[in-house]
Amino acid sequence: MTLAMAMGVGVAGAQTKNGESKAAEGPKSITLEDIWTKGTFRTKGVYGIRSMADGEHYCTMSRTGIAKYGYASGEKEGDVCLFEGAGVAFESYEFSADEQKILLSAGFEPLYRHSGVSDYYIYDVKAKTFTKISENGKQRLTTFSPDGTKVAFVRDNNLYWMDLATLEEHAITKDGKVNEIINGTTDWVYEEEFAITKGFEWSPDSKKIAYMRFDESKVKEYNMQMWGKLYPEDYKYKYPKAGEDNSVVSLRVYKLESGKTQYPQLAGRENSVGTPTSGEWEYLPRFQWAKANTLAFMRMNRLQNHMQILTINTDKDGSEPDATLYDEQDNAYVEVPDTWQFITVGKGKKAKEQMLITSEKDGYRHIYLYGMDGKLVKQVTSGNYEICDVPGIDVKNQRLYYTSREHGAINKSLFVIGFDGKKKKCLNYSYGVLRDVKNQIVEPKQEAYEYGTYNATFSSGCKYYICNYSSWNCPPRYTLHDANGKLIKVLEDNQGYWGNLSDYGNLFKFYDSFTTSTGVKLNYYTIKPQNFDKNKKYPVLIYVYGGPGNQQVTNSWGYSDFFWYQMLAQKGYVVFCFDGRGTGGRGAQFKKQTYKDLGRMECEDAIEAARWLGQQSWVDKDRIGIWGWSFGGYLSTLSLLKGNDVFKAAIAVAPVMNWRYYDNIYTERFLGLPQDNAKGYDENSPLNFADQLKGNYLLIHGTGDDNVHFQNSAEMVEKLENAGKQFEFRIYPNKNHSIYDATGNTRLNLYQLMTDFILRKL
């Protein structure tokens, strides 16, 4: 792969029905309606993939039902469940252990950004009947027991279990209370920053349920007014900002037969009060059953630079942990492992239970195996590249499947390797297409790889997998393979998509890197007008996110924003996107160099990017703008203010303006406690640079944003007004951090607003 690569998704000279060249007609203009309401550029997919227990079949879900396919052929073998006549629009499904029952959800109502409540139904496969499991209100997180005879769920902050034979509910907890006590699920900040919402787990023998309890009574409330009625309603929820009190979290084990509860000691702070400190164990980001009587849990201190994994025997009455399986510390912070699983390594008498975990402790995220005595057994992968995830673990054949950045930070490749770290093999496609000129499937050759972004979903036992591949020039492609990567069938390649795109000409992305004045090489891509002339001068819009560990420059399909950028290119703009210092895919040192100094390096890199662009012969250096959302909105604002000699305009959507206003898990991970690092919190706050505004500025925020509060933009408006600065400000009433509704009309309005601003001001 060359350093500079043009990624084209159009087909030059495609023919019309009359045989005339579309190139002669000229490409069609992309409209915002095409992107946001008409679905013109929407790709096809394969949805709701679930392997069946035999490992030989899988199911997919559509609006009409759940269909069964054979892995060996990829052909449909029948329907497991048809939704016709149910009178309900189902949204998700889960099989019981014997696959004779299916748990279906419907009527989802959001609570926070990533969770909500639903109605749940049981479908009996033999009887072909639907039964609503409860008429007592919607539930959260309803889950089968491993033996399939029971379910557990959360309602009104309490945890319940139900015997499916009788549909009788049994309350495990009764003290749940909104904005005070939560049982079986998590509070807002755990859901947002630790990506954990389900706060309970069945034991493998279905006799116990381990669950989390959050006491958020001391967490301060945040209040948002929701508009639309004669008197606006107040929405209050618990949101711990930097330096403020967290929920006190405990872990409990409920035993169904006796009705008794065990109380493991996690951190010795279940009843702690007072000012948070950096030393005590503060967080419980993960827990799981290692086996039927052994519960493992992860704990971290407030600064998140020390993490331990411990176990407790739940057959005993004691509350003290039995062993420490893992201990990791870092000068900056420890990432919560992307993969943490207990597996059987070895066969026969040599078989042993071990813990598989990913860690950055050698400088890059890699896969490790630890014994149940806490000793390192094997570092399975190594090298100067990042492991992304581990989607398949084949215990029978003692090998695992993982994705990594081994082929460069912009690519995500699929590999298989033995538990012993041997017999590593890349499972990427061969370079080129998967069909010949007669549209017949071509067997891949492993001489050269087609780079891009690979994700895989494996069958039970890992005999087969379904791969989802995309790249800058290839929309999502779904293919079925055997365990060794051999192609069985192309399930969906979006071939019909190409003809549609050809109407709009050649839609290119160009990838390369530039070197800053400090010698740091940064990856970027550009999107240029189709009739690009290097002898002309073009205005440039920079898109930036820039937050810790995030990547925007990846070899993957671009979806909606990609086509917005192409629309801007049709109007004569160049779009430029880069990943600066602190972003992901390049190891811990590159990512963590912004620790305790968030915003400084990122802003310097944005200004450097603008200066570098200004030196290019084809760039109008007086017409360089920048835009971003969330962290990107923070960075675009700061860059406009600090770089007021290089940026003509900036757009900030839902930006953080002061890290003191953001939640504590995220902010303290990267900045420490505000009382210990006031300089890190304040020195790069855009609020302190409002008087330096010279260019054109558009600020956008939703009043119902429960993530980055409207408070951020409200204070920035006040600072700009006090400094005598003129700017543009758009409010979206009641809209959350995504500024979106199901119709697409809000996004259409938002992107029309930003497009008009760019055309007027850049």
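Numbers here are sequence positions counted from 1.
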* Asked: Under 6.0 Å between ring centres, would you say that holds for Tyr545 and Trp629?
  -> no
* Just do the side-chain hydrogen bond (donor to acceptor under 3.5 Å, both in side chains) check on Asp338 and Thr358 with the steps written out, would you? => CA-CA 6 Å; Asp338 296 295; Thr358 56; 4.5 Å; no
* Going by distance alone, is a donor N or O of one side chain under 3.5 Å from an acceptor N or O of the other, for Asn550 and Gln552? -> yes
* **Min side-chain heavy-atom separation Arg747-Leu750 under 4.5 Å** => yes
* Are Trp659 and Phe631 an aromatic pair by the rule of ring centers under 6.0 Å? -> yes
* Asked: Is the Tyr751 ring parallel, tilted or perpendicular to the Trp36 ring (thresholds 30°, 60°)?
  -> tilted
* **Check against salt bridge (charged side-chain N to carboxylate O under 4.0 Å, His left out), Asp663 and Lys241** => CA-CA 4 Å; Asp663 77 62; Lys241 299 200 174 193; over 6 Å; no
* Asked: Has Arg140 got its NZ or CZ under 6.0 Å from the middle of the six-membered ring of Phe153, at an angle within 45 degrees of the ring axis?
  -> no
* Asked: So, the side chain of Ser96 versus the backbone of Lys101: is there a donor-acceptor pair under 3.5 Å, distance only?
  -> yes
* Are the ring centres of Tyr190 and Phe214 closer than 6.0 Å? -> yes
* **4.5 Å side-chain heavy-atom contact, Lys132 and Asp119** => yes
* Phe710/Tyr222 aromatic ring centres below 6.0 Å -> no
* To do: Measure the CD-CG distance between Glu221 and Asn223 for me, rounded to the nearest 0.5 Å.
  => 8.0 Å
* Within-4.5 Å side-chain heavy-atom neighbours: Ser250 and Tyr211 -> no
* Ionic contact status for Arg213 with Asp175, cut-off 4.0 Å -> yes
* Taking 4.0 angstrom as the limit, do Glu668 and Arg302 come out as a salt bridge? -> yes
* Take Tyr121 and Tyr123, measure what ring-ring contact (aromatic ring centres under 6.0 Å, His included) needs, and give me the verdict at the end. => CA-CA 6 Å; Tyr121 298 76; Tyr123 177 75; over 10 Å; no
* Asked: So, Glu33 and Lys38, do they make that salt bridge, N to O below 4.0 Å?
  -> no
* What residue among Tyr112, Tyr666, Tyr662 forms side chain to side chain donor-acceptor pair (under 3.5 Å) with Asn707? -> Tyr662
* **Within-4.5 Å side-chain heavy-atom neighbours: Asp124 and Gln100** => no
* Checking Arg50 against Tyr93: charged group under 6.0 Å from the ring centre and within 45 degrees of the axis? -> yes
* Asked: Which residues pass the side-chain hydrogen bond (donor to acceptor under 3.5 Å, both in side chains) test with Arg42, sequence neighbours left out?
  -> none
* So do the side chains of Cys467 and Tyr454 get within less than 4.5 Å of each other, counting heavy atoms only? -> yes
* Is the side chain of Ser203 donor-acceptor paired with the backbone N or O of Lys208 at a distance under 3.5 Å, no angle test? -> yes
* Asked: So, Asn246 versus Lys218: side-chain donor-acceptor pair below 3.5 Å or not?
  -> no
* Does a donor on one side chain sit under 3.5 Å from an acceptor on the other, for Ser105 and Ser92? -> yes
* Asked: Do any N or O atoms from the side chain of Asn736 and from the backbone of Ser738 form a donor-acceptor pair under 3.5 angstrom?
  -> yes
* **Pair Ser630, His737: side-chain N/O donor-acceptor within cut-off below 3.5 Å** => yes
* State plainly whether the residues Arg155 and Glu169 are in salt-bridge range, i.e. N to O under 4.0 Å. => yes
* Identify whether the distance between the nearest side-chain nitrogen and carboxylate oxygen of Glu109 and Lys138 falls below 4.0 Å. => yes
* Asked: Under 3.5 Å, is there a donor-acceptor pair linking the side chains of Ser556 and Ser470?
  -> no
* To do: Test ring-ring contact (aromatic ring centres under 6.0 Å, His included) on Phe729 and His701 and set out the steps.
  => CA-CA 8 Å; Phe729 185 33; His701 219 126; 8.2 Å; no
